[in-house]
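See structure below.
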Number of protein chains: 2
Amino acid sequence: MPRRNAPFSIIRRLPIYLRILDNLIKKDVDIISSRTLSSRTGFTAEQIRKDLAYFGAFGTRGTGYNTVYLRDKLLKIIGLDKTNHTVVIGSGHLGTAFGRYILMKNPYIRVVGMFDVSNEVIGKKVEGLTIEHIDRLPAVVEEYKVKVAILTIPSAKAQPIVNQLVNSGVTAILNFAPTKLNVPEHVHVHNIDLTIELQSLFYYTVFEEEKDLI
Amino acid sequence: MPRRNAPFSIIRRLPIYLRILDNLIKKDVDIISSRTLSSRTGFTAEQIRKDLAYFGAFGTRGTGYNTVYLRDKLLKIIGLDKTNHTVVIGSGHLGTAFGRYILMKNPYIRVVGMFDVSNEVIGKKVEGLTIEHIDRLPAVVEEYKVKVAILTIPSAKAQPIVNQLVNSGVTAILNFAPTKLNVPEHVHVHNIDLTIELQSLFYYTVFEEEKDLI
DNA sequence: TAGATTGTTAATCGATTAACAATC
DNA sequence: TAGATTGTTAATCGATTAACAATC
C-alpha cells in the first residue's frame, strides 16, 4: 500500500465510500461499480475511480469493485484497520453529545477518555464511560497511545490544552472551539465551526429571495 | 451591494472575518489591515483582500479597513443584517446541544423552534425554548418565515422531513444526518458528518508513524 | 511628499471532468 | 468474442498566490 501525502480532498471522501461499503456488505452485496457508487454518493463515477486509483488498482475491469476487498483496502489506507483510540476533552453538552455519538455509531473508533474541569460533570457516566478530571488527560493519552483528540472546550482555554496534547504525542485534533490553534507542522487540525456553517447558509436564503424578484 | 453567486470558498470565510471584527469592535479597535487579519485567521493577506474585493471596495488604501463599516458590509453580504430565524429538528443529545449552542453563542441568529417525535423530550425546555412535537413544524416555519433549518435526526427519517421543509419554504439546510438528501436545485444543503471528520483524521496519524521510521 | 496598504491583473497551482485505451 | 467497466492520460475549470499599479 503506497502511502503518500494524498490530497485532503480525496482523504475526506474515503470515509463516505467506507460507510457505503459497510452497508452493502451488510446486505451481502459482493460487487459494486463506480457508477452505482456515484448515484449513492453524488460524486461522479470518474472522480470515484480516480480517488481509488490514487492508492492502487483495486477493481476488476468489466466487473467493478469487490466490496469486502475494497473496504479492507480503504481501512488500511485511512488507518482504521486496527483499534483506534480517541479522547474527548470538554464534557459539556456538546462534548458529551459527541462522545456518546462516537461511542454508539463508530465501529472503527474507540473513545478511551472523556475529560472536564467542572465538578458538576466529573464522575458522570456517558454510555458506560466515566468523565474524568482533566489532570488525568496525559496519563490516559500515554496509556492508550492516543493520537487523535476531540476538543469541545471554550476557545480561551483551548491553546494550553493543545500544547499538552501535542507534548503527550497527539498528532491530530478535531477542534470545535471557534479559534485558530497553533500547532507544530506534524500535527493536523480539523476545525468544525458551527457558527460558520450556519451563518454561511444565510447567504443562500437572501440570494433566493432576490431571485424571486427577477 | 452587488450580490452574485459568489464561490462557496469565499462565502465560508466571511463568518470568520465577521467574528474577528466583532471582537475588535468590542475592544474599540477602529482600523484593521489585511496583514493583521491574516495573522488572526491564518489566511494570506492577498486572499483576504481578494475575498472582500469580490463584493466591493471596502478599505482605504494606505490605511486599512474600518472595522464597524466592514462588519456592516459583511452582515449585509451574508444576509445577517436582519433577524434571522432557524429551527432545530431532532432534539436528542446532539440536537439540544446545538440548539443550546446557537441560542447562547450566536448574536445574529435566533432559534424559533425545536422539534422531536419522542414524548420523552417534548415539553422540555432548552434555554427557555420548549421542545415541540414535530407536527407543529410547518406552522412554526410559516409563522416565522424560516428559511434555514438544522437537521439532527436519524438518516432513515431525514428525507420525508426535508420534503416537508422544502414545501414550507425552507431554502437552506444544515444536515447532521450522515446521508445524501435529495432537494430541488434552489435549496442548499451543508452536510456536517462527524464520522467523516473524525475518521479522516486517522489518515494523518498513520502517516506520522511511518515518517518516524524513515 | 513618502510610506503604507488596498484593489486588480497575471501567473501558478491543484482539483475535477472528459475521453479513451486497457482488459476482465 | 462482445459488452462492460476500470485505470490513466489530457483538457478544463476554479481557486490561490504573486506582483504591482493605484491611491490614501
Side-chain angles (χ1 to χ4, degrees), chain A residues 1-2 4-17 20-21 24 29-74 77 180 196 200 203, chain B residues 1-2 4-17 20-21 24 29-74 77 180 196 200 203:
Chain A
M1 186 82 43
R4 284 161 287 179
N5 205 345
F8 185 49
S9 51
I10 295 182
I11 298 301
R12 278 179 65 85
R13 285 190 289 267
L14 302 185
I16 301 175
Y17 305 145
I20 290 170
L21 290 170
L24 290 169
V29 178
D30 287 336
I31 301 289
I32 183 105
S33 70
S34 59
R35 214 148 146 28
T36 315
L37 275 172
S38 169
S39 77
R40 295 236 187 176
T41 57
F43 309 139
T44 65
E46 293 83 357
Q47 185 168 55
I48 292 166
R49 291 204 299 277
K50 206 148 196 286
D51 282 353
L52 300 175
Y54 185 90
F55 301 99
F58 304 139
T60 308
R61 292 170 196 233
T63 310
Y65 299 90
N66 179 291
T67 51
V68 173
Y69 180 77
L70 183 57
R71 176 175 68 174
D72 188 56
K73 288 294 182 187
L74 284 178
I77 292 164
K180 197 191 139 214
I196 292 174
S200 59
Y203 175 78
Chain B
M1 187 79 45
R4 283 160 289 179
N5 205 345
F8 185 50
S9 51
I10 296 182
I11 298 301
R12 278 179 66 84
R13 285 189 290 265
L14 301 184
I16 300 174
Y17 304 144
I20 290 168
L21 289 169
L24 290 169
V29 178
D30 287 337
I31 301 289
I32 182 105
S33 69
S34 58
R35 213 145 145 34
T36 316
L37 275 172
S38 168
S39 78
R40 294 236 187 178
T41 57
F43 309 137
T44 64
E46 294 82 357
Q47 184 167 58
I48 292 166
R49 292 203 299 278
K50 207 150 197 282
D51 282 353
L52 300 176
Y54 185 90
F55 301 99
F58 304 138
T60 307
R61 290 168 198 237
T63 311
Y65 299 91
N66 178 290
T67 52
V68 174
Y69 180 77
L70 184 57
R71 176 175 69 173
D72 189 55
K73 289 293 182 188
L74 284 179
I77 292 164
K180 196 191 140 215
I196 291 173
S200 59
Y203 176 78

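Convention: sequence-line order gives letters A, B, ...; per-chain numbering from 1.
Separating the CD1 atom of A:Ile31 from the P atom of D:dA4 is a distance of 17 Å, rounded to the nearest angstrom. What separates CD1 of A:Ile48 from C1' of D:dT5 is a distance of 13 Å, to the nearest Å. Distance, A:Asn66 CG to D:dT5 C1': 15 Å, rounded to whole Å. Regarding A:Leu70, its CG atom lies at a distance of 14 Å from the C1' atom of D:dG7, rounded to whole Å. In this entry the distance linking CG of A:Asp30 with C1' of D:dT5 reads 17 Å, nearest Å.
Residues B:Thr41 and B:Ile48 are in side-chain contact: their nearest non-hydrogen atoms beyond the backbone lie under 4.5 Å apart. The shortest distance between side-chain heavy atoms of A:Leu74 and A:Arg71 does not fall below 4.5 Å. Taking the side chain as every heavy atom from C-beta outward, A:Phe55 and A:Leu14 approach each other to under 4.5 Å. A heavy-atom distance below 4.5 Å is not found between the side chains of A:Tyr54 and A:Lys50. Within the 4.5 Å cutoff, the side chain of A:Phe43 has heavy atoms near those of the A:Tyr17 side chain.
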* Dot-bracket notation for DNA chain C, counting Watson-Crick and G-U pairs under 3.5 Å, with | for partners on another strand -> ..||||||||||||||||||||||
* Classify every nucleotide of nucleotides 13-24 of chain C by which part a protein heavy atom approaches to under 4.0 Å, writing B for the base, S for the sugar-phosphate alone and - for neither, in 5'-to-3' order. => --SBBBB--BBB
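Taking side-chain N and O atoms only, A:Ser33 has no distance below 4.0 Å to OP1 or OP2 of D:dT5.
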* **Verdict with reasoning, A:Ser200 to B:Arg12, per side chain to side chain donor-acceptor pair (under 3.5 Å)** => CA-CA 6 Å; A:Ser200 59; B:Arg12 278 179 66 84; 5.2 Å; no
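Side-chain N or O atoms of A:Tyr65 include none that pairs as donor or acceptor with a backbone N or O of A:Leu52 at under 3.5 Å.
A side-chain N or O of A:Ser33 and one of A:Thr36 form a donor-acceptor pair less than 3.5 Å apart.
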